[in-house]
Amino acid sequence: MSDVTSNTPHDDLTSRLSLPHYPRSGAYDARWTIENQMGPHALWLLEWLAPALGLDTLRPGARVLDLGCGRAMTSVFLAREYDVQVTAADLWIKPDENARRIAEAGVADRVLPVLAEAHDLPFGEETFDAIVSIDAYHYFGTDDLYLPTLTRLLEPGGRIGVVVPATREELGGTEPPEHLKPFWEPAFWSFHSPDWWRRHWSRSGAVEVEAADWQPDGWREWLLWSEVCAEESSSDFMADMARASAEMVRADRGRALGFARVVGRRV
């Protein structure tokens with residue numbers, strides 16, 4: 001079993017990625033997080049989300065759906081840090097691949113990887129105590145009909161918490177801000193403001209919104225992580241993606257882009 005928390009205390013890379021407000025994430029091997037990343041630092045974002053979900057939600061033994069888990073880093077983190085039972089659902093990464101990573105992290109008894117599309121989840125009503133989604137929910141959750149369908153999987157009173165790339169204020173019109181035009185892709189229109197997410201979830205009638213806020217200095221952490229991944233990723237594809245992300249975030253400098261945290265309790 002490989003130890004995903006075996007950081008070398010004086011390693012320069014570890015030091016660069018050890019932020020004081022993410023003590024749990026900082027204990028994870030920096031190389032492991034880089035090689036398994038699929039975008040912004042998922043463990044940092046999850047550690048920011050967790051206090052808003054509350055320890056009563058992330059209690060030992062709680063059943064948690066990690067929706068859009070990617071390479072299951074967040075699922076491993078949830079199992080190791082909170083001793084919850086995690087269903088690690090993703091469409092792009094095969095369960096066999098995630099199962100190996102989960103076993104190497106020593107949590108095969110607490111994390112079950114499954115192949116699932118967000119609109120066709122193979123679970124019964126009230127299966128989960130909590131649903132978590134990091135850097136994925138904007139791909140499917142902007143649909144007005146999605147949240148009521150998803151929250152049927154939650155126990156009454158259960159919580160859903162997501163962190164997504166976001167805009168500080170809602171963008172109007174049909175064109176992005178001028179300084180972002182060189183980097184803009186149509187998919188970025190799925191980035192919305194915290195106020196937009198609060199309204200979107202509130203009017204669904206499916207949840208009581210308990211948080212919808214902006215991450216302070218999230219763009220700085222996004223930039224740091226992108227720069228490190230551009231330099232250190234063993235995959236040319238992921239390094240190129242990180243480099244492009246760094247250029248965009250550097251050009252924006254927090255004027256428009258960052259992250260939103262949204263938490264709701266099933267009514």
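All values derive from a computational prediction rather than experimental measurement. Sequence positions, counted from 1, serve as the residue numbers for this chain. Both backbone and side-chain heavy atoms feed into the values below; hydrogens, waters and symmetry mates do not.
- Listed here is the closest heavy atom pair of Ala89 and Ala116: CB-CB, 4.2 Å.
- In this structure, Ser204 contributes its side chain and Ala206 its backbone to a donor-acceptor pair below 3.5 Å.
- Nearest heavy atoms, Val114 versus Phe123: CG2-CZ, 4.1 Å.
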Report the C-alpha separation of Arg101 and Asn36 in whole Å, then their side-chain angles, then the decisive distance to 0.1 Å, and conclude whether the side chain to side chain donor-acceptor pair (under 3.5 Å) test is met. CA-CA 9 Å; Arg101 197 163 16 253; Asn36 291 304; 3.1 Å; yes
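- For Arg152 and Glu126, the salt-bridge test fails: no basic side-chain N is under 4.0 Å from an acidic carboxylate O.
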Evaluate the side-chain contact (heavy atoms from CB on, under 4.5 Å) criterion for residues His21 and Glu47: first the C-alpha distance (whole Å), next the side-chain angles of each, then the deciding distance (0.1 Å), finally the verdict. CA-CA 9 Å; His21 45 291; Glu47 192 163 355; over 6 Å; no
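- We find the CZ-CD distance between Phe191 and Glu185 to be 8.5 Å, quoted to the nearest 0.5 Å.
- Between Trp196 and His200, the angle of the ring planes stays under 30°, which puts this pair in the parallel group of the 30/60° scheme.
- Of the inter-residue distances, the one linking Ser75 atom OG with Asn98 atom CG reads 7.5 Å to the nearest 0.5 angstrom.
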May I have the step-by-step check of side chain to side chain donor-acceptor pair (under 3.5 Å) for Ser234 and Glu35, ending in yes or no? CA-CA 7 Å; Ser234 61; Glu35 293 310 316; 2.5 Å; yes
If you apply the rule side-chain contact (heavy atoms from CB on, under 4.5 Å), what do you find for Lys181 with Glu175, and how did you get there? CA-CA 8 Å; Lys181 282 185 177 180; Glu175 297 290 330; 3.6 Å; yes
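- Looking at heavy atoms from C-beta onward, Gln37 lies out of side-chain contact with Trp32 at the 4.5 angstrom threshold.
- Residues Leu257 and Pro165 are not in side-chain contact: their nearest non-hydrogen atoms beyond the backbone lie 4.5 Å or more apart.
- The 12-atom threshold is not exceeded at CH2 of Trp92, counting heavy atoms of other residues, nucleotides or ligands nearer than 6.0 Å.
- In the hydrophobic cluster analysis, where Ile, Leu, Val, Met, Phe, Trp and Tyr join through side-chain heavy atoms closer than 4.5 angstrom, Phe77 is grouped apart from Met38.
- When all heavy atoms of Ala256 and Trp214 are compared, the closest pair comes out as O-CH2, 3.7 Å.
- Two residues are said to be in side-chain contact when any heavy atoms from C-beta on lie closer than 4.5 Å; Val263 and Val209 fail this criterion.
- By the criterion of side-chain heavy atoms lying less than 4.5 angstrom apart, applied directly or through intervening Ile, Leu, Val, Met, Phe, Trp or Tyr residues, Trp189 is grouped together with Val249 in one hydrophobic cluster.
- Residues Val64 and Ile131 fail the side-chain proximity criterion, which asks for heavy atoms closer than 4.5 Å.
- Across Ile160 and Leu154, no two heavy atoms sit closer than the pair N-CD1, 4.1 Å.
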Evaluate the side-chain contact (heavy atoms from CB on, under 4.5 Å) criterion for residues Tyr137 and Thr142: first the C-alpha distance (whole Å), next the side-chain angles of each, then the deciding distance (0.1 Å), finally the verdict. CA-CA 8 Å; Tyr137 191 82; Thr142 58; over 6 Å; no
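- Two residues are said to be in side-chain contact when any heavy atoms from C-beta on lie closer than 4.5 Å; Leu153 and Leu121 meet this criterion.
- Here the CG-SG distance, from Asp135 to Cys69, works out to 12.5 Å after rounding to the nearest 0.5 Å.
- One N or O on the side chain of Arg255 and one on the backbone of Ala251 form a donor-acceptor pair closer than 3.5 Å.
- In this structure, CG in Leu112 is found 14.0 Å from CZ in Arg110, a value given to the nearest 0.5 Å.
- In plain terms, the two heavy atoms of Gly26 and Ser18 that are nearest each other are O-OG, 4.2 Å.
- A salt bridge does not link Asp195 with Arg198: none of the charged nitrogens is closer than 4.0 Å to a carboxylate oxygen.
- Between Glu170 and Arg199, none of the side-chain N atoms (NZ, or NE/NH1/NH2) sits under 4.0 Å from a carboxylate O, so this pair counts as no salt bridge.
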Are Glu221 and His41 close enough, and set up right, to give a side chain to side chain donor-acceptor pair (under 3.5 Å), and what steps lead you there? CA-CA 8 Å; Glu221 295 168 12; His41 198 309; over 6 Å; no
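- Under the 6.0 Å cut-off for aromatic ring centres, Trp225 and Phe259 do not qualify, their centroids lying 6.0 Å or more apart.
- Under the 4.5 Å side-chain heavy-atom criterion for ILVMFWY residues, a single connected hydrophobic cluster contains both Val84 and Leu46.
- Ser193 and Glu169 are not linked by any side-chain donor-acceptor pair at a separation below 3.5 angstrom, with hydrogens and angles left out of the test.
- When atom types are taken as modelled, the side chain of Ser245 and the backbone of Met241 share no donor-acceptor pair closer than 3.5 angstrom.
- With rounding to the nearest 0.5 Å, the separation of CG in Leu150 from CG in Leu67 is 6.0 Å.
- Note on Arg31 versus Glu232: salt bridge recorded, some NZ/NE/NH1/NH2 to OD/OE distance being below 4.0 Å.
- When atom types are taken as modelled, the side chain of Asp29 and the backbone of Val4 share no donor-acceptor pair closer than 3.5 angstrom.
- Val132 is not connected to Trp201 by any chain of hydrophobic side-chain contacts under 4.5 Å among Ile, Leu, Val, Met, Phe, Trp and Tyr, and they are in different clusters.
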Could you go through Asp144 and Arg203, starting from their C-alpha distance and side-chain angles, then the distance that decides it, and tell me whether this counts as side-chain contact (heavy atoms from CB on, under 4.5 Å)? CA-CA 9 Å; Asp144 288 338; Arg203 68 185 183 184; 4.0 Å; yes
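- Using a 30° and 60° split on the angle between ring planes, Phe140 and Tyr146 fall in the tilted class, from 30° to 60°.
- Here Glu227 pairs with Arg250 in a salt bridge; the nearest charged N to carboxylate O distance falls below 4.0 Å.
- Between Glu208 and Arg266 there is no side-chain heavy-atom pair separated by less than 4.5 Å.
- For the residue pair Cys229 and Ala242, the shortest heavy atom distance occurs at CB-CB, 3.7 Å.
- Shown here is Leu115, whose CG atom has more than 12 heavy atoms of other residues, nucleotides or ligands within 6.0 Å.
- For the pair Arg24 and Tyr82, the cation sits on the ring face: its NZ or CZ lies under 6.0 Å from the ring centre, inside 45° of the axis.
- Under the 3.5 Å distance criterion, the side-chain polar atoms of Arg168 are matched with a main-chain donor or acceptor of Gly254.
- Side chain of Ser233 to main chain of Ala230: no donor-acceptor pair is present (N/O by atom type, distance under 3.5 Å, no hydrogens or angles).
- Tracing side-chain contacts under 4.5 Å through hydrophobic residues (I, L, V, M, F, W, Y), one reaches Met73 starting from Leu224; they form part of the same cluster.
- Note that the CH2 atom of Trp48 and the CD1 atom of Ile134 stand 9.5 Å from one another [nearest 0.5 Å].
- Without hydrogens or angle criteria, Ser25 side chain to Tyr22 main chain gives no donor-acceptor distance under 3.5 Å.
- Under the side-chain hydrogen bond (donor to acceptor under 3.5 Å, both in side chains) test applied with Arg159, the options Asp56, Asp129, Thr151 reduce to a single match, Asp56.
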